[in-house]
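Start at 1 and go down the list; that is how both ligands and their atoms are numbered.
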Amino acid sequence: MGGGLMDYPHPMPDPVVTKALIPAAGWGTRFLPATKAVPKEMLPVVDRPVIQYVVEEAVAAGITDIGIIISSGKEAIPRHFSRDPALERWLEEGGKNEALASVRRLHSLANIHYIPQHDMLGLGHAVLQGRSFIGAAPFAVLLGDTILHGAAGASVTGQLVEAFAAHQAPVVACEPVARERVSRYGVLDATPLGDGLHQVTGLVEKPRPEEAPSNLVIASRYLFTPDIFPALERTGRGHGGEIQLTDAMAALAAKRRFLGCEIKGRRLDVGHPRGLLEACQVLMGDEK
Ligand code: UTP
């Protein structure tokens, strides 16, 4: 398969963060009608669904326990990661060893739990559903519709885990974009600390370019301490009438140390058709 496909040969030693949440309950309206019966997180990129790349990135960062936030209609996600003895037997009997290994690997990747979000009130609300699964530990959040193609095969979540281990503060992945594109993202108000790290003092969800505090935008991965949960509980509806994770982060960043970490790699947002096409090209090694 193309040289761009991500395999993570060296999981991180002695992981300091072992839990993650992957929100995957959203409607996927930008991808209708494809996402009416098939979750956008299950759309294939080359040889595997988007969410498998996301789980593999978490596992490569040392994460062993993953809570995937799902809603009704997303049943294909648990089915993908669960055992299928009949399929395995059929592949075994047919001597299809490579396919068999790829299928068996899925249910040994991590301990995967499924957490329902009954009303899709936004990303902040989705993360809040994972509170009892996470408990009192630091944890990662990886958006289920975005692949991060780490430079030199590294896991971007691993980059956040390393920053957390070194600084003992929550970390949000970020990247600079052209000013006119900031209105699609959460934007950081931040001061550079060197080595791609930033001290975050504020965040704004989807600002107009002329009102944005910077051109540094959130890149779909987060490393939180459990104090994000009470902050989320206090967060009212924000941009688009949704409970915004960005607003809860802004409340935390105003009163405690909060870091931004520029990603070493490329963000592939697969939540819309052009992004999916680009992701296929990049991961096939057809586009640099
Ligand atoms: P998006 O905002 O990109 O997802 O959220 P969406 O709402 O499905 O997209 P559109 O705008 O309708 O096309 C990023 C991630 O957060 C999840 C989504 O499933 C996606 O993986 N999400 C979003 C939730 O789990 N719950 C929500 O209430 C909203």
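Aromatic ring pairs are classed by plane angle as parallel below 30°, tilted from 30° to 60° and perpendicular above 60°; the pair Phe133 and His113 is tilted.
Taking Thr235 as the reference, Ile243, Asp247, Ala248 meet the side-chain contact (heavy atoms from CB on, under 4.5 Å) condition, with sequence neighbours excluded. Partners of Glu98 according to the side chain to side chain donor-acceptor pair (under 3.5 Å) rule, which considers only residues two or more places apart in sequence or in another chain, do not exist here.
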List ligand 1's nitrogen or oxygen atoms that come under 3.5 Å of a protein nitrogen or oxygen, with the partner atom and distance.
from	atom 1	to	atom 2	distance (Å)
ligand 1	3 (O)	Arg30	NH2	2.9
ligand 1	3 (O)	Lys40	NZ	3.4
ligand 1	3 (O)	Asp145	OD2	3.2
ligand 1	4 (O)	Lys40	NZ	3.0
ligand 1	8 (O)	Trp27	N	3.2
ligand 1	8 (O)	Gly28	N	2.8
ligand 1	8 (O)	Lys40	NZ	3.2
ligand 1	9 (O)	Lys40	NZ	3.2
ligand 1	11 (O)	Arg30	NE	3.3
ligand 1	12 (O)	Gly28	N	3.4
ligand 1	12 (O)	Thr29	N	2.8
ligand 1	12 (O)	Thr29	OG1	2.5
ligand 1	13 (O)	Thr29	N	3.1
ligand 1	13 (O)	Thr29	OG1	3.4
ligand 1	13 (O)	Arg30	N	2.8
ligand 1	13 (O)	Arg30	NE	2.9
ligand 1	19 (O)	Ala25	N	3.2
ligand 1	19 (O)	Gly26	N	2.8
ligand 1	19 (O)	Glu41	OE2	2.7
ligand 1	21 (O)	Pro23	O	3.1
ligand 1	21 (O)	Glu41	OE2	3.1
ligand 1	25 (O)	Ala24	N	3.4
ligand 1	25 (O)	Ala25	N	2.8
ligand 1	26 (N)	Gln117	OE1	2.7
ligand 1	28 (O)	Gln117	OE1	3.4
ligand 1	28 (O)	Gln117	NE2	3.2
ligand 1	28 (O)	Gly122	N	2.9
ligand 1	28 (O)	Gly122	O	3.2

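Side chains of Thr157 and Glu57: a donor-acceptor N/O pair is present below 3.5 angstrom, by distance only.
The shortest distance between side-chain heavy atoms of Tyr114 and Phe81 falls below 4.5 Å.
Pairs of residues two or more places apart, or lying in two chains, that qualify as side-chain hydrogen bond (donor to acceptor under 3.5 Å, both in side chains) and include a residue from residues 206-218 are Arg208-Glu210, Arg208-Glu211.
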